[in-house]
Each structure stands twice: as C-alpha cells, then as structure tokens.
Student: 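Quick one: structure below, then a few questions.
As the structure is a computational prediction, the values presented were derived from the model and not from experiment. Excluded from the calculations below are hydrogen atoms, water molecules and symmetry mates; all remaining heavy atoms, backbone and side chain alike, are included.
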Amino acid sequence: MSYAVVQASIEIPDPEKLKRAFRCVPTLTAVDAQILGRDAFGILVKVHTAEEANTLVGALRGEGVGAEAVPGKQLPELPAPKFVKHLACDAKALTIYDPIDRECRVEWTQVALIAAGNVRMTEFNDVWRDHFLSSTGEFFHANRDLMGNRLDHDRNPKLETREERHPRLLLEIILTGAVQRYSIKADENAVRLFDYLGERRAASPTQNFALLVQDLMQFAPQAVPNRGAYLLRNGQAAFDYPSKNAFHEEIIWLLWRMAKAGKL
C-alpha cells in the first residue's frame, strides 16, 4: 500500500525546510524536495511504506510544516470528467448543454466544489516539416535564393508531433458526493461558453471567465472554492497553477478534507 504525505494547509512550503525534512527518508533527495515543492498543492509526496510517511511527517512538523500521513486508498479519486463547452446559469439552476444542445439542469444545492485557474498545460500539436532528401539539403536551404525551385524537388514533408506548454483557463464543477464532474476549458473551441452573459459579455475571454466563476460562486455559496475560484470571486486575477497535476491535486486535497469533515 502506498501512503501520501498531505499538507495541513494549502500554503506552498519553504523549499529549504522541505530539503532538510526529505533528508530523513533515504528514498527522497534534495532534488525531489525542490521539484515537489514547486508542485505542492495539498499533496506533498507519495511513498511506499507507513514508516517512510510517518518519518517524513515528523521531520516536516519539526520544520514547522504541518503534514499528515494518509493511506493512498483513502484519498478520493476525481470522478470521470464530462467535458462542457456550453452552459448557462441563473438563480434557478445551472444548465449544462450536451453536443446536440440537450439540457441537463443542476440544482445549485448539488454543487459541492468549484475549482478554477490559469493552468500551464503540456499539449502535443501536429505540424508539417520539410525534410530534404538530398545529402546537400542544408546547403540548398542556406542558399534558397540561388537554388530556386531545386528545393521544391528535394522536399519530403512529414507530419511531426511537437510538445508545447501553454496557460489555459480551466474550470471544474464537482457535485455532492463527487458523483459528477463537469470540466471546462475556456479556449477558442468553447465558442458558446459565455453566450449566457448577454450584455455583460466582455471582449476578453479572461474577463468572461471571471464573470462565469463569480456567477457560479454567487448562486452556489455553499460550494467549496479552490484557491483560483476564491481569488476570482473576490475580483482578483486567475491563480496560476504550474501544471494540470498541481491543479488536480489541490482539488483532491479539498475533496479529502471535505470527506474527512463529513461535508462531501
């Protein structure tokens, strides 16, 4: 059984304190502390044994970092996402539309958690590249003006996959009991996401995203917000998450705390 060492609060811990604490566990290094510290959003690290977890918790507490050891199976799993590109919300209900515009109405009392943020995501995009067949292809490329159409005869276009990192506005709506999860990416493909705003709709997707989160928080005041939703509700900028994993781990940490308190 694996064990997770979770934070007592959501503040990002001091990297030097993490490094000193991690020295107490032979399987962890200072490099682990540096990497995991940047991505610490509730769940610090997962280890293999209860002894390792308890040793690390004791060392962290000695550094003034509140932590707890939790059996991995006790951490909640995120429900499978239902991707949403079109919705509407008013005082009566949240309305979710499927790809053929069928409505699903969700009572506001069913909304348990709202998570939002500007999340840096790894994406893979296909691009066409020119591959020169000639052994002197580099020379031809450097002397394009001199070689003229010769280059066109030596090309062999191939489809390649490029890894890129981009910030994306993400929103998660999780219902009571974690029985349903609506996932929203506010990008160019979600062309109808902000239609319900009507005259309130702004030119900036970032502003519209903030309005959407504020509406959700207004109509479902009982919902637990993540750090990003909390800031947007209070009129501040969207919180930057370093990775999708960090964004999701904060949600799992919140769900765990809610379940522990009997509020999920």
Student: Not counting sequence neighbours, which residues clear salt bridge (Lys or Arg N to Asp or Glu O under 4.0 Å) with Glu11? List them please.
Tutor: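 If we apply the salt bridge (Lys or Arg N to Asp or Glu O under 4.0 Å) test to Glu11, skipping adjacent residues, there are no hits.
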Student: Please answer whether the main-chain N or O of Val70 pairs with a side-chain N or O of Trp256 as donor and acceptor at a distance below 3.5 Å.
Tutor: no
Student: Of all heavy-atom pairs between Thr49 and Tyr3, which one has the smallest distance, and what is that distance?
Tutor: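 Where Thr49 meets Tyr3 most closely, the heavy atoms are C-CD1, 3.6 Å.
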Student: With side chains defined as the heavy atoms from C-beta onward, is the minimum distance between Glu63 and Arg20 less than 4.5 Å?
Tutor: yes
Student: Is a side-chain N or O of Thr176 found less than 3.5 angstrom from the main chain of Gln110, in a donor-acceptor match?
Tutor: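 Between the backbone of Gln110 and the side chain of Thr176 there is a qualifying donor-acceptor contact (under 3.5 Å).
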Student: Do Pro81 and Arg181 come within less than 4.5 Å of each other through their side chains, counting heavy atoms only?
Tutor: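 The answer is yes, as the side chains (C-beta and beyond) meet within the 4.5 Å cut-off.
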Student: From Lys185 NZ over to Glu172 CD, what is the distance, rounded to the nearest 0.5 angstrom?
Tutor: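 Answer for the NZ-CD pair, Lys185 versus Glu172, is 11.5 Å.
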Student: Looking at Asp195 and Gly198, would you say the former's side chain and the latter's main chain have a donor-acceptor pair under 3.5 Å?
Tutor: no
Student: Which heavy-atom pair separates Gln214 from Leu232 by the least distance, and what is that distance?
Tutor: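 Taking Gln214 first and Leu232 second, the nearest heavy atoms are NE2-O, 2.9 Å.
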Student: Should Leu216 and Leu212 count as side-chain neighbours, where that means a heavy-atom distance under 4.5 Å?
Tutor: yes
Student: Which is it for Leu78 and His248 under the side-chain contact (heavy atoms from CB on, under 4.5 Å) test, yes or no, and what are the steps along the way?
Tutor: CA-CA 8 Å; Leu78 286 178; His248 283 168; 3.7 Å; yes
Student: Evaluate Tyr196 against Phe194 for ring pair (Phe, Tyr, Trp, His ring centres under 6.0 Å), listing each step before the verdict.
Tutor: CA-CA 5 Å; Tyr196 87 94; Phe194 305 120; 7.8 Å; no
Student: Using a 4.5 Å cut-off on heavy atoms from C-beta on, say whether the side chain of Ser2 contacts that of Val47.
Tutor: no
Student: Could you tell me whether Glu51 atom CD has more than 12 heavy atoms of other residues or ligands within 6.0 Å of it?
Tutor: no
Student: Measure across Ala4 and Leu75 and return the closest heavy-atom pair with its distance rounded to 0.1 Å.
Tutor: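 Closest pair (atom of Ala4, atom of Leu75, distance): CB-CD1, 3.6 Å.
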Student: Which pair of non-hydrogen atoms, one from Pro13 and one from Val65, has the smallest distance, and what is that distance?
Tutor: CB-CG1, 4.2 Å
Student: I'd like to know whether Asp101 forms a salt bridge (Lys or Arg N to Asp or Glu O under 4.0 Å) with Arg192, so could you lay out the CA-CA distance, the side-chain angles of the two residues, the decisive distance to 0.1 Å, and finally the verdict.
Tutor: CA-CA 11 Å; Asp101 267 355; Arg192 301 186 65 188; 2.9 Å; yes
Student: The test is salt bridge (Lys or Arg N to Asp or Glu O under 4.0 Å); show your working for Lys260 and Glu68 and say whether it passes.
Tutor: CA-CA 13 Å; Lys260 189 176 178 182; Glu68 182 177 339; 3.0 Å; yes
Student: Against Leu171, only a single residue in Val84, Ile114, Leu193 fulfils side chain to side chain contact (heavy atoms under 4.5 Å, CB included); can you say which?
Tutor: Ile114
Student: Taking Gln7 for its side chain and Gly42 for its backbone only, find out whether a donor-acceptor pair lies under 3.5 Å.
Tutor: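 Between the backbone of Gly42 and the side chain of Gln7 there is a qualifying donor-acceptor contact (under 3.5 Å).
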Student: Please round to the nearest 0.5 Å and tell me the distance separating atom CZ of Arg168 and atom CG of Asn118.
Tutor: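 These two atoms lie 10.0 Å from each other.
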Student: Leu94 and Arg105: side-chain contact (heavy atoms from CB on, under 4.5 Å), yes or no, with the steps?
Tutor: CA-CA 6 Å; Leu94 168 66; Arg105 291 176 67 80; over 6 Å; no
Student: Please find the pair of heavy atoms, one from Ala21 and one from Leu60, that lie closest to each other, and give the distance.
Tutor: CB-CD2, 3.6 Å
Student: Restricting to salt bridge (Lys or Arg N to Asp or Glu O under 4.0 Å), what partner residues turn up for Arg102, sequence neighbours left out?
Tutor: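 Arg102 satisfies salt bridge (Lys or Arg N to Asp or Glu O under 4.0 Å) with Asp98 only.
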Student: Working to the nearest 0.5 angstrom, can you tell me the gap between Lys92 NZ and Glu107 CD?
Tutor: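 Result: 11.0 Å between the selected atoms.
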Student: Any chance NZ of Lys85 has more than 12 other-residue heavy atoms, nucleotides or ligands included, within less than 6.0 Å?
Tutor: no
Student: If I compare all heavy atoms of Val57 with all of Ala67, which pair ends up nearest, and what's the gap?
Tutor: CG1-O, 3.6 Å
Student: Quick one, Phe41 and Ile12 - any side-chain contact, counting heavy atoms below 4.5 Å?
Tutor: yes
Student: If you round to the nearest 0.5 Å, how far is CD of Gln222 from CE of Met217?
Tutor: 9.0 Å
Student: So for atom CD, which belongs to Glu77, do other residues, nucleotides or ligands contribute more than 12 heavy atoms lying within a distance under 6.0 Å?
Tutor: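 Incorrect, the count does not exceed 12.
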Student: Nearest 0.5 angstrom please: Ser243 OG to Arg120 CZ, how far?
Tutor: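 The OG atom of Ser243 sits 11.0 Å away from the CZ atom of Arg120.
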Student: Measuring from atom CZ of Arg257 to atom OG of Ser9, what distance do you get when rounded to the nearest 0.5 angstrom?
Tutor: 8.0 Å
Student: If you measure only the distance, is there a donor-acceptor pair under 3.5 Å linking the side chains of Tyr241 and Asp39?
Tutor: no
Student: Side chains of Asn208 and Arg201: does their closest heavy-atom pair fall under 4.5 Å?
Tutor: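 A side-chain contact exists here, since the closest heavy-atom pair is under 4.5 Å.
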Student: Do Val6 and Leu44 come close enough that some side-chain heavy atom pair is under 4.5 Å?
Tutor: no
Student: How about Arg200 and Asp215: do any of their side-chain heavy atoms sit closer than 4.5 Å?
Tutor: yes
Student: Going by the rule side chain to side chain contact (heavy atoms under 4.5 Å, CB included), which residues pair with Leu36 if we only count those two or more places apart in sequence or in a different chain?
Tutor: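 Here the qualifying residues are Phe22, Asp32, Val45.
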